[in-house]
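Working notes, structure below.
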Amino acid sequence: MTTAIRTGPKPNQEQDVSLRQLDHADTLELPVTGDGPFNFLHTAWKPSHYVTGLEAHTASRSWRTFRVDDLVTGVRMHAENRLVIAEVYTDGDYKPEHRDHLARRLTASYGLDEDLSQFIELATDVPTMRGPLESLSGMRQSCPEDHFEIAVVALLLQHVTVARTTQMTRNLLTHYGQLVRFDGITLRAWFTPAEIAHVSAEIFKEQDRLGYRAKTLPRFAAFFRDYPAEELTAAHDLEQTFQQIKGVGPYTAAIMASHASRDTASFGLDVWNRKILARRLLSADDAAPEAVNHRLNELFPGHAGTAGLYLVEYEYLNAPVAPLLTPGGDVDAWNEALAGVVAEPCNPR
DNA sequence: CACCAGGTCCCCA
DNA sequence: TGGGGACATGGT
């Protein structure tokens, strides 16, 4: 690995909605060590994912922010065959421990060390997987979010249109997150559980328009503030563990397990992907969740989550929720759209 | 102005 | 254990 660790303290930035400029601090070279094919584009960019402002993608590059403890980092990634090269940017005090943390986080978030060959073997024998395999082979589960962050995303997806999910996400990230600029791109960054610990359910409801889920967010913050991620990965029955949090049901728990804990056997069924899978697996317009899950596990024992991922992303491939950016004008327009956030009033009704 | 949205909780047979 | 309504908000 090449190293260019920038050390030296930086003054603490005050928490406001101003744009933080991040400087280049490191280059990480992350090998894909897991068996099976690797497809960088479809690993980094998922056509079914809604716009958060936390990441941006062109056909060959991905930008994404990560919170590494209190540090705010921006990462620009591309791949050379089975090597992912990540340029790291930050305005904080970047230490060697941050480098290790980030290398592990990126490797895990994009499944670089995960074995895809078993799933490919199973899928090759299933006719309905033919299209997905041809278009997406080498795609791995991606989850740049940690457990807290992905729980918030899943919470905001519950029982609302994606338009409103996007609105609530924008409110939260504008009010409690960060806006950063690095490598020519402007992105939002997450808030940590500690950073919203002082915010009441009332504020989440009134100011951030979260509706009845406003009560759940403080519970998430409290739960994850003192729950180490390692224990969440090692839990015996992940989905049952997560459902102990009020506001987390089968869907949200499965998202957390399949994404943040990377359990390839879990798959979060919502009404949309339930219909997609019913059509693909049961030749029906819709089906009971139990029937869909049963068939998925029957065909892909141990890899139901991966199979669901391939089928759902394939469905969205020709009409992505958030299309790829083209390097020129799209990126400029993207930056302008996010830069406008700074000037906007905090609480548009 | 009803109705409903990429769930979850709670209550009641 | 399982069905059915309520829940906040904003868009048709």
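Sequence lines set the chain letters: A, B, ... in the order given, protein chains first and strands last, and positions in each chain run from 1.
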Can you tell me, in whole Å, how much space there is between the C1' of dG6(B) and that of dG3(C)? 22 Å
Is it the case that the side chain of His98(A) and the backbone of Lys95(A) share a donor-acceptor pair, with hydrogens and angles ignored and the cut-off at 3.5 Å? yes
Taking CZ from Phe242(A) and P from dT8(B), how many angstroms apart are they, rounded to a whole number? 14 Å
From CD of Glu202(A) over to P of dA8(C), roughly how many Å is that when rounded to an integer? 12 Å
For the pair made of CZ in Arg213(A) and C1' in dG6(B), what is the distance, rounded to whole Å? 11 Å
Using a heavy-atom cut-off of under 4.0 Å over every strand shown, decide if Tyr316(A) touches base, sugar-phosphate, or nothing. base
Considering only heavy side-chain atoms of Val321(A), the closest of dC7(C), dG6(B), dG10(C) is dG6(B)
Considering only dG6(B), dA8(C), dT8(B), which nucleotide approaches the side chain of Tyr251(A) most closely? dT8(B)
Between dA5(B) (P) and Leu156(A) (CG): distance, integer Å: 19 Å
Please figure out whether Val160(A) or Ala163(A) has its closest DNA chain C nucleotide nearer the 5' end. Val160(A)
Distance test, side-chain N/O of Arg209(A) to OP1/OP2 of dG10(C), below 4.0 Å: yes
Within the 4.0 Å heavy-atom criterion, would you say Thr252(A) contacts the bases, only the backbone, or no part of the nucleic acid? sugar-phosphate
Comparing Lys246(A) and His49(A) on DNA chain B - which has the more 5′ nearest nucleotide: His49(A)
Mind checking if Val271(A) touches a base, just sugar-phosphate, or nothing, with heavy atoms under 4.0 Å? sugar-phosphate
Decide whether Asp26(A) and Tyr89(A) meet the rule of one side-chain donor and one side-chain acceptor closer than 3.5 Å. no
Specify the separation, in whole Å, of atom CD of Glu239(A) and atom P of dG7(B). 16 Å
The side chain of Thr161(A) lies closest to which of these nucleotides: dT8(B), dA5(B), dG10(C)? dA5(B)
Taking atom C1' of dA5(B) as reference, at what distance in whole Å does atom CG of Asp286(A) sit? 15 Å
Verify whether one side chain among Arg181(A) and Thr186(A) offers a donor that lies under 3.5 Å from an acceptor in the other. yes
Testing the basics here: between Phe182(A) and Trp63(A), what is the closest heavy-atom pair and its distance to 0.1 Å? CE1-CD1, 3.7 Å
Between dA5(B) atom C1' and Leu157(A) atom CG, what is the distance in whole Å? 12 Å
Indicate whether the side chain of His57(A) and that of Ser62(A) have a donor and an acceptor atom separated by less than 3.5 Å. yes
Is Lys215(A) near enough to dT8(B) that one of its side-chain N or O atoms lies under 4.0 angstrom from OP1 or OP2? no
Just how far, in rounded Å, is C1' of dC7(C) from CG of Leu210(A)? 14 Å
Pro250(A) side chain: which of dG10(C), dT8(B), dC7(C) is closest? dT8(B)
